[in-house]
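For the single chain, residues carry numbers from 1 onward in sequence order.
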Amino acid sequence: MSILRPLTLAGLLMSLVVSSLAAQESKPDAEPTAEERAALEKQFLDKIESLGWTREGKAKLGTMAEVAIPKGWRFTDGNGTRSLLKMYGNLPGESELGMLTTEGQGPWVIFEFEDSGYVKDDEKNQLDADAMLKSLQEGQKIGNERRREMGLEELQLLGWAVAPRFNDQTKNLEWALRIGSKNGESINYSTRLLGRSGVMEVDLVCGPEEMTTLLPQYQSIIAGFQYVAGNSYAEYREGDKVAKYGLTALVAGGAAVAAGKMGLFAKLGGLLAKLGKGVFVIIAGVGIAIKSLIGKLFGKKEQI
């Protein structure tokens, strides 16, 4: 999912950064001026702003659901989300429906929908956090092999910040993973909102120091989410498609994919801090072949 990677040509700040780096290489001890830093930051933030944002009301998550936009937050749709993921060196998929974030370079709350079918909750009292973490860490070894092949540094799943738990009233499954590399640590706080035809996957990506402050805001965002009529978990009808996996595989697959996709994001401030030495620290997202692994671990033929 992500890895801190020192690069000379990051491409992250477009051509201006490339030219700036070239200048830095010719004068390795030169520090960028305040004006140069400000110019880089403005160009990057302008690029983010150009993605298109909604700052009030309710945001549509495809045709499946909607979420209220909290004060001080903004929303971009699936196209904007994928563009922003790419800007930060991540590999987006095709199921992103939108993202909520604060102004500037705030935390990210990303929404994706997996149309896997109705997920039964009969494993809600059998979630073995220790066993799941061990399996995930074993799977991460495979991911790290792929990263090494691509010249990327390894990623570690350090443990649960919040062990998997299921809310039987709201039909929400949630957990939080501590994800680290040699350059730092981040938290992926994940919520899976069970629906009639699949699962809305919601992930908060933030630093460990932000989690305590952000968690109430994140829970408020989750409370402002709702499936549109006909798509809620309670509206399941006999004959609807049923997923061939349960809550255990949902946690394992979701955590692994999240760790493979967007675990540790470099903030622009950190990038600029590194610029003075001509070194960028960025996160490069790496997609891991996780689905077959989950099948082997949990005996499921289909995975998320």
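Applying the side-chain hydrogen bond (donor to acceptor under 3.5 Å, both in side chains) test to Tyr227 and every residue at least two apart in sequence or in another chain returns nothing. For Tyr189, the ring-ring contact (aromatic ring centres under 6.0 Å, His included) criterion is met by Tyr218, not counting sequence neighbours. Taking the salt bridge (charged side-chain N to carboxylate O under 4.0 Å, His left out) definition, one finds that Glu103 meets it with Arg55, Arg74, sequence neighbours left out.
Remark: the backbone N or O of Lys124 is not paired with any side-chain donor or acceptor of Asp121 at under 3.5 angstrom. Listed for the Glu235 side chain is a donor-acceptor partner under 3.5 Å among the backbone atoms of Gly230. Checked by atom type and distance alone, the side chain of Ser220 never pairs as donor or acceptor with a backbone atom of Pro216 at under 3.5 Å. Judged by distance alone, the side chain of Glu114 and the main-chain N or O of Gly198 form no donor-acceptor pair under 3.5 Å. With hydrogens and angles disregarded, a donor-acceptor distance shorter than 3.5 Å links the side chain of Tyr233 to the backbone of Val119.
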Just do the side chain to side chain contact (heavy atoms under 4.5 Å, CB included) check on Tyr236 and Leu194 with the steps written out, would you?
-> CA-CA 11 Å; Tyr236 168 79; Leu194 305 188; over 6 Å; no
Step by step, would you call Met200 with Leu97 a side chain to side chain contact (heavy atoms under 4.5 Å, CB included)?
-> CA-CA 10 Å; Met200 186 66 72; Leu97 297 180; 3.8 Å; yes
For side chain to side chain contact (heavy atoms under 4.5 Å, CB included), just list the numbers for Thr191 and Phe225, CA-CA rounded to whole Å, side-chain angles, deciding distance to a tenth of an Å, and then say yes or no.
-> CA-CA 12 Å; Thr191 302; Phe225 168 93; over 6 Å; no
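For the side chain to side chain contact (heavy atoms under 4.5 Å, CB included) with Leu247, the qualifying choice from Asp122, Asn125, Leu173 is Leu173, the only one to do so. With Cys206 as the fixed residue, the side chain to side chain contact (heavy atoms under 4.5 Å, CB included) test singles out one of Leu214, Asn188, Leu215: Leu214.
For the pair Arg192 and Glu174, the salt-bridge criterion is not met [side-chain N within less than 4.0 Å of a carboxylate O]. Taking 4.0 Å as the cut-off between side-chain N and carboxylate O, Lys42 and Asp46 count as a salt-bridged pair. In this structure, Glu66 pairs ionically with Lys58, as a charged nitrogen and a carboxylate oxygen lie closer than 4.0 Å.
Within the 4.5 Å cutoff, no side-chain heavy atoms of Ile69 are placed close to those of Ile221.
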